[in-house]
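So the structure is just underneath, and the comments pick up after that.
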Amino acid sequence: MATILAIETSCDETAVAIVKNRQVLSSIVASQIDLHQKYGGVVPELASRKHLESINFCLSEAIAESGLSWQDLDGIASTCAPGLVGALLVGVTAAKTLAMVHNKPFLGVHHLEGHIYASYLSQPELKPPFLCLLVSGGHTSMIYVKDCGHYEMLGTTRDDAAGEAFDKVARLLNLGYPGGPIIDKLAKSGNPQAFPLPEGRISLPEGGYHPYDTSFSGLKTAVLRLTQKLAEKGEIPVADLAASFQNTVARVLTKRTIRCALDYGLKTITVGGGVAANSELREHLLAAAQKHDIQVYFPPLKLCTDNAAMIACAAVEHYTRGDISSIDLKVRSRMPIMNVRELYQ
Ligand code: KG4
Ligand code: ZN
């Protein structure tokens, strides 16, 4: 196994962590949420500049917290795709520079592989094959993890990702950004059955519906229409709307994920990405899986949203298989996870 320092700067968190095998020795996350909050979303140019300001501090904190020195590391990794190009460049340039200065191998990591392996940080025995439900601000994917680096995409989003739907619904209800944690908290005081909302099924040309793909834009529009109608009548029951919306998302994701695991004969499900922190999704999925004798693993709460420990964990998996990246590796704004082997020599 290995000890890896990893950097994550693909979006609005500057993060550095050191992981030894599956043990987190340090994990520093400098969030930029305050900076982007007033714009209701991430402003790419501001994100890159802030990463540049924060990266050196995060690096020294991560080293200090771990109690290790640079000589103790086996490799230095950074998220290199997908993400905001300017933001990714900050992390990748820092990682490559440190790798050259300290004469260590450099590993570029696919951001989604980080989310997949976040569950490893609380489950030392977990290994493929398993189904990963990846639900973040940009993705709603069902990934068949056959082995490290070998993936099959079984289900995806046709429009808004799960986290994006939380953020957009929170914005239209004037709740703030990011929407997921705010709606999660507010929904606890609302009635999840107050408003029936559409599940968003994808029709197939041959008839019937796609069993694993999701679509949340219809749900978001339904909440918008309902809000406008309720506003005409008087006060908007925000907690009931939040609870009904969240309940629909949790039900849809649970139904599709369990169906997918059963169809592919997979007895283990892992969940990753910011929406994996959602309390109702956790409850629904755990209850449904138990009925079918399926194990479900979630990452520790603070490792659901973007962090560098998950990137280091993915890098440990690759490093132990002999994967190392070229020092000329380029960052990429988009990259399908199935092509992840292109990142290694
Ligand atoms: O994985 P992540 O940190 O960044 C991406 O790679 O996209 O996910 C961020 C997303 C945001 O859309 C945020 O609203 C959502 O995760 N999120 C949640 C919760 N915590 C964060 N969604 C639902 N419930 C939560 N508790
Ligand atoms: Zn992410």
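The structure presented is a predicted model; accordingly, all values stated were derived computationally and were not measured. Start at 1 and go down the list; that is how both ligands and their atoms are numbered.
- For Asp306, the N/O/S atom at the shortest distance from the Zn ion (ligand 2) is named OD1.
- Near Gly137, meaning under 4.0 Å from any of its heavy atoms, are these atoms of ligand 1: 5 (C), 7 (O), 8 (O), 9 (C), 10 (C), 12 (O).
- To the nearest 0.5 Å, the span separating CZ on Arg332 from NZ on Lys330 amounts to 10.5 Å.
- Ring orientation note: the planes of His102 and Trp70 are close to parallel, at an angle under 30° on the 30°/60° scale.
- Of all protein heavy atoms, the one closest to atom 22 (N) of ligand 1 is Gly180 CA, 3.2 Å.
- In terms of protein heavy atoms, atom 2 (P) of ligand 1 is closest to Asp306 OD1, 3.4 Å.
- Not a single heavy atom of Cys11 sits less than 4.0 Å from an atom of ligand 1.
- Close approach of ligand 1 to Gly138 (heavy-atom distance below 4.0 Å) involves ligand atoms 7 (O).
- A cation-pi arrangement is not found for Arg256 relative to Tyr212, the charged atom failing to lie both closer than 6.0 Å to the ring centre and inside a 45° cone about the ring normal.
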Please walk me through it: do Asp213 and Thr156 pass side chain to side chain donor-acceptor pair (under 3.5 Å)? CA-CA 5 Å; Asp213 279 3; Thr156 184; 5.7 Å; no
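- A donor-acceptor distance shorter than 3.5 angstrom exists from the side chain of Asn307 to the backbone of Thr305, with no hydrogens or angles considered.
- Looking at atom 14 (O) of ligand 1, its nearest protein heavy atom turns out to be Asp167 OD1, 2.7 Å.
- Annotation for ligand 1: atoms under 4.0 Å from non-hydrogen atoms of Ala277 are 26 (N).
- Note that the CG atom of Leu266 and the SG atom of Cys132 stand 11.5 Å from one another [nearest 0.5 Å].
- Ring planes of Phe245 and Phe166: perpendicular class, angle over 60° (limits at 30 and 60°).
- Considering both main-chain and side-chain atoms, Pro178 never comes within under 3.5 Å of ligand 1 through any nitrogen or oxygen pair.
- Residue His111: an N/O/S atom is found under 2.8 Å from the Zn ion (ligand 2).
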His318 and Tyr344: ring-ring contact (aromatic ring centres under 6.0 Å, His included), yes or no, with the steps? CA-CA 9 Å; His318 279 286; Tyr344 306 102; 4.3 Å; yes
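- Taking 2.8 Å as the criterion, His115 counts as a coordinating residue of the Zn ion (ligand 2), since one of its N, O or S atoms falls below it.
- Contact atoms of ligand 1 toward Thr305: 3 (O), 21 (C) (distance under 4.0 Å to a heavy atom of the residue).
- Close approach to Gly273 involves these atoms of ligand 1, each under 4.0 Å from a residue heavy atom: 1 (O).
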Could you check Asp328 against Lys96 for salt bridge (Lys or Arg N to Asp or Glu O under 4.0 Å), going step by step and ending with a plain yes or no? CA-CA 9 Å; Asp328 297 324; Lys96 285 180 178 176; over 6 Å; no
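- By the criterion of a heavy-atom distance under 4.0 Å, the side chain of His115, and not its backbone, is placed next to ligand 1.
- Scanning the protein heavy atoms around atom 26 (N) of ligand 1, the nearest turns out to be Asp184 OD2, 2.9 Å.
- Looking at heavy atoms from C-beta onward, Ile294 lies out of side-chain contact with Thr268 at the 4.5 angstrom threshold.
- Under the 4.5 Å side-chain contact rule for hydrophobic residues, Met335 and Tyr117 share a cluster.
- The CD atom of Gln290 sits 11.5 Å away from atom CG of Leu285, with the distance rounded to the nearest 0.5 Å.
- Within the set Ala187, Ala276, Ser10, Gly274, the minimum heavy-atom distance to atom 15 (C) of ligand 1 is found for Gly274.
- Ligand 1 places these atoms under 4.0 Å from at least one heavy atom of Asn278: 23 (C), 24 (N), 25 (C), 26 (N).
- Remark: ligand 1 atoms within the under-4.0 Å shell around heavy atoms of Gly163 are 12 (O).
- With a 4.0 Å cut-off on non-hydrogen atoms, His111 touches ligand 1 through its side chain and not its backbone.
- Both the backbone and the side chain of Val275 come within 4.0 Å of ligand 1, judged by heavy-atom distances.
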